[in-house]
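Just below is one structure, and these are the notes that go with it.
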Amino acid sequence: MPAVSSAVLRAGAFRIALYALLWGILAGFEPGSWFLGAPAVLLAAWLSLQLASPVPFRPWPVLVFVAFFIGRSVSGAVDVARRALAPRLRLAPALVVYQTSLPAGLPRVLFLNSISLTPGTLSADIRDDTVWVHVLDENGDHEQALSGLEGRLARVFPQ
Amino acid sequence: MNWLALASLALGAFFFLAGTVGLLRFPDVHSRLHALTKADNVGLGFLLFGLALEVGSPLVGAKLFVIWCLVLLASASVSHVIARAALRRGVEPWQR
């Protein structure tokens, strides 16, 4: 039997716990539901380790990021609602180019998706390390907003 | 009906309305994606929060929360894919 690294073991345990929680939420926590649920959870965890290698992350920065993200997405929605409902459209859209240093895979996917949910920015394309960001107002300090977001994600995923 | 739930539902409906107005008024595909992703996601969040309060069952609340997370993931990813397809086909973003 091949040796299993501790990173894989930790990721496996975490995914089993996460999928068990999801199963419980979807199917109910009654003892009978685990008859099907336990094999499904184990199978899904095994399959997910085959498909996606473990990505180590730090739990505390995840919570900090989630709180930051929720606040930013609410202000993004308020900003876009104000622009949509204003009598005169105040838009000055532009494409901004940003160089990211986040590693490929999950950190980058999260970065692109969070860009689209924070005020005034929308991730429009990525090639290698270059991200094209569509902005609603070219006069904002997008470089600073993007590097702030990137820095918070970098703390979640230790290099 | 609980006042907090009612306020949350009304706020959710407001964001959906604003997102739809943005979808209709904004000049091009990229700007419209801004309106849809941001306003609708937060609108759905308030709507589901209000519903969870109204139902008062933690399990149903957790289900609604999972739905919200999946919709966030789907709409952010889909908006990126639409924006990228438009750019790569040579759709120039509208400029003032």
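This one's a predicted model, so the numbers in the text were calculated from it and none came from an experiment. Naming: A, B, ... by sequence-line order, numbering from 1 per chain.
Within 6.0 Å of the CD atom in A:Gln50, the count of heavy atoms belonging to other residues, nucleotides or ligands exceeds 12. Environment of CZ in B:Phe49: sparse, with no more than 12 heavy atoms of neighbouring residues, nucleotides or ligands closer than 6.0 Å. Taking a 6.0 Å sphere around CZ of B:Phe65, one finds it holds 12 or fewer heavy atoms contributed by other residues, nucleotides or ligands. In A:Asp128, the CG atom is not crowded: 12 or fewer heavy atoms of neighbouring residues, nucleotides or ligands sit closer than 6.0 Å.
The greatest number of non-hydrogen atom pairs below 4.5 Å with chain A, out of B:Ser75, B:Ala18, B:Ala76, is found for B:Ala76. With chain A as the partner, the residue from B:Leu23, B:Asp40, B:Val42 showing the most heavy-atom pairs under 4.5 Å is B:Val42.
Between A:Leu95 and B:Leu87 the shortest side-chain heavy-atom distance falls below 4.5 Å. Within the 4.5 Å cutoff, no side-chain heavy atoms of B:Asn41 are placed close to those of A:Ser73. Between B:His34 and A:Arg83 there is no side-chain heavy-atom pair separated by less than 4.5 Å. Between A:Val80 and B:Phe15, the closest side-chain pair of non-hydrogen atoms is not below 4.5 Å. By the 4.5 Å heavy-atom criterion applied to side chains, B:Ser31 and A:His134 are counted as neighbours.
Side chain of B:Arg84 to main chain of A:Ala124: no donor-acceptor pair is present (N/O by atom type, distance under 3.5 Å, no hydrogens or angles). Under a 3.5 Å cut-off, the side chain of B:Lys38 and the backbone N or O of A:Thr121 do form a donor-acceptor pair. Looking only at distances, no side-chain donor or acceptor of B:Arg96 sits under 3.5 Å from a matching main-chain atom of A:Pro93.
For A:Leu122, the parts lying under 4.5 angstrom from a heavy atom of chain B are both the backbone and the side chain. Contacts between A:Val109 and chain B at a heavy-atom distance below 4.5 Å are absent for every atom of the residue. Residue A:Arg82 does not touch chain B at all, counting heavy-atom pairs closer than 4.5 Å. Neither the backbone nor the side chain of A:Ser114 comes within contact range of chain B; no heavy atom of the residue lies under 4.5 Å from a heavy atom of that chain. Neither the backbone nor the side chain of A:Arg72 comes within contact range of chain B, judged by heavy atoms closer than 4.5 Å.
With rounding to the nearest 0.5 angstrom, the CG atom of B:Leu17 is 6.5 Å from the CG atom of A:Leu85. Atom OG of A:Ser116 sits about 7.5 Å away from atom NE2 of B:His80, to the nearest 0.5 Å. Note that CG of A:Leu112 and OG of B:Ser77 are 9.5 Å apart. Values are rounded to the nearest 0.5 Å.
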May I have the list of side-chain donor-acceptor pairs in residues 20-45 of chain A shorter than 3.5 Å, sequence neighbours left out?
residue : atom : partner : partner atom : Å
A:Trp23 : NE1  : A:Ser33 : O            : 3.3
A:Trp23 : NE1  : A:Ser33 : OG           : 3.4
A:Ser33 : OG   : A:Gly28 : O            : 3.0
A:Ser33 : OG   : A:Glu30 : O            : 3.2

